Amino acid sequence: LWKSKQHLRLEKKQKKIIEECLITELSEIGQKINNSINEGKYSCLLDYCLSETTIKKLKELGYNVEMGGRYNEISTSISWA
C-alpha cells in the first residue's frame with residue numbers, strides 16, 4: 001500500500017505522541033509503585049484508568065493490572081509479587 005509523505009509524517013508524529021504519553025504515565029505510576037513498596041505493600045490502586053499501551057507495557061514488565069469500578073468511578077489496581 002502506497003502512503004503519501006504527509007501520511008507517513010502524521011504516523012510518525014502520532015507514534016511520538018503515544019510514546020511521550022507512555023513515558024509520562026509510566027513515570028507517574030512508577031512513583032506510586034515505589035511509594036507502595038516503601039510502605040511494604042504489594043499493590044497500589046489508582047483512581048483513574050490507564051491507556052491500553054501503558055497496561056500492555058506494565059504486563060510485559062510482570063505487573064498484574066486490573067481495571068474496575070462502580071457506578072461512574074473507575075479504578076486501576078496494579079500488583080506485583
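Please read all numbers here as calculations on a predicted model, not as lab measurements.
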> What's the spacing between K57 NZ and T53 OG1 if we round to 0.5 Å?
Replying inline: 11.0 Å
> When rounded to the nearest 0.5 angstrom, what is the spacing between CG in L61 and CG in L26?
Replying inline: 7.5 Å
> Just wondering, are more than 12 heavy atoms of other shown residues or ligands nearer than 6.0 Å to CD in E39?
Replying inline: yes
> Looking only at heavy atoms, which two atoms of T76 and C49 are closest? And how far apart?
Replying inline: OG1-CA, 3.5 Å
>> Could you tell me if the side chain of K5 sits less than 4.5 Å from the side chain of R9, heavy atoms only?
In response: yes
> Would I37 end up clustered with L46 when hydrophobic side chains under 4.5 Å apart are linked, directly or stepwise?
Replying inline: yes
> Are more than 12 heavy atoms from other residues, nucleotides or ligands located less than 6.0 Å from atom OH of Y48?
Replying inline: yes
>> How long is the straight-line distance from CE of M67 back to CD of E52, given to the nearest 0.5 Å?
In response: 7.5 Å
> Checking S36 side chain against K32 main chain: does a donor-acceptor pair fall under 3.5 Å?
Replying inline: yes
> Are I18 and L50 joined in one hydrophobic group, where the rule is that I, L, V, M, F, W and Y side chains link up if heavy atoms are under 4.5 Å apart?
Replying inline: no
>> Measuring from atom CD of E28 to atom CD of Q31, what distance do you get when rounded to the nearest 0.5 angstrom?
In response: 7.5 Å
>> Just verifying a value: how many Å separate I17 CD1 and Q14 CD, rounded to the nearest 0.5 Å?
In response: 7.5 Å
>> If I take atom CG from residue L45 and atom CD from residue E66, how far apart are they, to the nearest 0.5 angstrom?
In response: 10.5 Å
>> If you count every heavy atom of other residues, nucleotides or ligands that lies below 6.0 Å from Q6 atom CD, does the total exceed 12?
In response: no
>> If hydrophobic clusters are built from ILVMFWY residues whose side chains come within less than 4.5 Å, do I33 and I23 share one?
In response: no
